[in-house]
Amino acid sequence: MTIRTRFAPSPTGYLHIGGVRTALYNWLFARKHGGQFILRIDDTDRQRNVEEALRPILDGLRWLGIDWDEGPEVGGPLGPYYQSQRVDRYRDAVERLVASGGAYYDYAAAEEIQAERAEAERQKRTFRYSRRFMAETVADRRRFEAEGRRAVVRLKMPGEGKLIIDDAIRGRVEFDWANEQDHVVQRADGSFLYHLANVVDDRDFQITHVIRAEEHLSNTPRQAFIIETLGYERPAYAHLPFVAEPGSHTKLSKRKLNKYLKDRDFAELLERGRKIAARIGHPLEADAFNPVIVDFYRSVGFLPEAIVNYLALLGWALDDKTEHFSRPELIAAFSLARVNKAPASFDPRKLMAFQERHFHALSPERKVELVVPFLEKAGLVQSPPSNERKKYIENVTAAAGDRIKVAGDILDSDDFFQADDRLEYDEKAVEKNLGKEEALELLTKLRDRLATFEPFTPDALEAMLREFVETERIKIGQLIHPLRVALTGKSIGFGLFDTLAILGRERCLRRIERALAAAGKTS
RNA sequence: GCCCCCUUCGUCUAGUGGCCCAGGACGUCGGAUUCUCAGUCCGAAAACAGGGGUUCGACUCCCCUAGGGGGUACCA
């Protein structure tokens, strides 16, 4: 039998990091076993704007390389893949449920159920519906309806015995049927509830392995009951622990951004993103721009393979040492048996570490490709850049080296892309490094040397500068720092000899000239 | 309340009765390198929730307690 797994997002407009992990594990499991991964849309509640609300989710999954064999946009033989279009199937199932005695029409009003529940609570006993308004015959139905009552359809749970689930992650889990309620499967308005739809769809789509979040573990009995009553075969189950908040075991939620901001690492991550987003005109509204949402990472230049690698290890491990996985390695190594039972908390710092590792391993050409869109959006290079310009970008990127951790970090080196006469100077840096008369004198002397020095390469420039400071009887730092500020406007940046060489003689001279003039004016 | 699940360094984890006075990674702290920053290198601190069993021997098996999480909806 071919293995088939599924992920069933609701069209909320966001792809949650926890959801991604669930999708990823489903995907990995299917790929590992040469099976299929199906995407089904859980839109029972929303009729409007489904496409729009789905867009970020589909885009996010594709960006991460989690592709689906059947589902929206790709179709498939077992469609439709939207629950809102499958109500006939649900109606059918409910009819069969009732016909087989596994479910009944119930005419109790919501308040009447509520009252029974309250009474049970008062008596400190487990609530079970009395079935007082259960209609067993057509005559019953007519009578209740004559009273103006409307029916829901409830499951007629066994009430005794045990259900045993053999969960791929948790092992054997037992439930007492006596603890299970007569859950509603069809509302008074005729619409269907999730558990019913879920079971029917899993069956229709021939899902063999249900891999989902642990919040569904307690719901499994009622689904198992429907499955059994309908005569379906029960799929294998694997209940994944939550992705939890940083430093806690509570489920990660996109709504608690303010709380997470108290976590230093989380705040730093968001800050890094905001800095980049502001430069490229990406909307910053808190809702979508949030490290709990995948879109955040895409928009600031994270690598999908880094996110996937990190998420794969968040709750799963191959052994005691392997951390870095390419996608094929991940597929080969993955197994449900090695998924952890306990919730794993999301660690922004560690995510960053994976990102750095993957990014640094990239070829120079690839880095340029990734970095260019950010320069374009920030208006620092023309779109598309010329080949010559690309070469220049590559030089800057190479010199920046490990300082670029996500593609958007290229904007920290904006000084290399600004026109010489438009370069902005950091006030403090100028004050500190270009405030003294000696510094200006040194720069003046150096400018004259630079004007004719050949060749203008990092090594040659370094030799020249070292010799220069020796004759001036100063430490190299005394020259380098003022020079850096003059050239880049900043006190931090990458290797100074690289900086000189990348900018080239003309631009260096112009920038030094301009800095001297500016410093002279202010002092 | 009832039911279910979970519990190894701050975090992610390895560990399936002796290889563990518990290993790796991120982070932290020290030190080295250096023109700033980033990095790199070296080193250190840091955990089996608690209590009972079982066993010659428990991180590993059983029970209890505590803590955390989930479910208990005409939500998904």
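In what follows, every chain begins at residue 1, and chains take the letters A, B, ... in the order their sequences are listed. As the structure is a computational prediction, the values presented were derived from the model and not from experiment.
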Paired with [N] by Watson-Crick or G-U wobble geometry, both distances under 3.5 Å: which nucleotide is it?
| N | result |
| --- | --- |
| B:U16 | none |
| B:U55 | none |
| B:U33 | B:G39 |
| B:C2 | B:G71 |
| B:A25 | B:U11 |

Would you indicate what [X] reaches in the nucleic acid, counting non-hydrogen atoms under 4.0 angstrom: base, sugar-phosphate, or nothing?
| X | answer |
| --- | --- |
| A:Gly401 | nothing |
| A:Ser491 | base |
| A:Leu217 | sugar-phosphate |
| A:Tyr310 | nothing |
| A:Val152 | base |
| A:Ala188 | base |
| A:Arg349 | sugar-phosphate |
| A:Gln478 | nothing |
| A:Arg338 | sugar-phosphate |
| A:Ala197 | nothing |
| A:Leu193 | sugar-phosphate |
| A:Asn198 | nothing |
| A:Lys475 | nothing |
| A:Glu121 | nothing |

By nearest atom, which of the nucleotides [options] is closest to the [X] side chain?
| X | options | value |
| --- | --- | --- |
| A:Arg403 | B:C37, B:C26, B:A14 | B:C37 |
| A:Phe242 | B:C4, B:G70, B:G71 | B:G70 |
| A:Phe497 | B:C35, B:C4, B:C74 | B:C35 |
| A:Ser10 | B:G39, B:C6, B:A76 | B:A76 |
| A:Glu214 | B:C75, B:G39, B:C5 | B:C5 |
| A:Val184 | B:C74, B:C5, B:C35 | B:C74 |

For the residue pair A:Tyr107 and A:Phe144, does the interplanar ring angle fall in the parallel (under 30°), tilted (30 to 60°) or perpendicular (over 60°) class?
->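 Aromatic pair A:Tyr107/A:Phe144 classed parallel.
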
Mind checking whether A:Phe346 and A:Tyr310 have parallel, tilted or perpendicular rings, split at 30° and 60°?
-> perpendicular

Toward the 5' end of RNA chain B, by each residue's nearest nucleotide, A:Gly495 or A:Arg264 |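 Looking at the nearest nucleotide for each, A:Arg264 comes out on the 5' side.
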
Note: for A:Leu496 and A:Leu314 on RNA chain B, the residue whose nearest nucleotide lies more 5' is A:Leu314

Spell out yes or no: do the side chain of [X] and the base of [N] have one donor N/O and one acceptor N/O closer than 3.5 Å?
| X | N | answer |
| --- | --- | --- |
| A:Lys350 | B:C12 | yes |
| A:Arg484 | B:C35 | yes |
| A:Lys321 | B:A25 | no |
| A:Ser218 | B:G70 | yes |

Assign a letter to each nucleotide of nucleotides 40-50 of chain B from its 5' end: B, base within under 4.0 Å of a protein heavy atom; S, sugar-phosphate only; -, no contact.
-> -----------

Any [X] side-chain nitrogen or oxygen under 4.0 Å from OP1 or OP2 of [N]:
| X | N | value |
| --- | --- | --- |
| A:Arg466 | B:C35 | yes |
| A:Ser345 | B:C12 | yes |
| A:Asn340 | B:C6 | no |

Can you find a side-chain donor-acceptor pair between A:His239 and A:Arg212 that sits under 3.5 Å?
-> yes

Polar contact flag, side-chain donor to acceptor under 3.5 angstrom, A:Asp166-A:Tyr237 = no

How long is the line joining CD of A:Glu180 and P of B:G71, in whole Å?
->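 Going from CD in A:Glu180 over to P in B:G71 covers 14 Å.
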
Rounded to whole angstrom units, what separation is found between the CD atom of A:Gln123 and the C1' atom of B:C2?
->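 Whole-Å distance recorded here is 15 Å.
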
Using a cut-off of 6.0 Å, state whether more than 12 heavy atoms not belonging to A:Glu160 lie near its atom CD.
->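 Count not over threshold, so no.
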
Is [X] reaching over with its side chain to a backbone N or O of [Y], donor-acceptor style, under 3.5 angstrom?
| X | Y | answer |
| --- | --- | --- |
| A:Ser413 | A:Phe416 | no |
| A:Arg150 | A:Ala188 | yes |
| A:Asn309 | A:Glu305 | no |

Quick one: does A:Arg403's side chain get under 4.5 Å of A:Phe494's, heavy atoms only?
->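 Answer yes - side chains close enough.
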
Ring centroid separation for A:Trp316 and A:Tyr25, is it under 6.0 angstrom?
->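 Here the rings of A:Tyr25 and A:Trp316 have centres that are no less than 6.0 Å from each other.
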
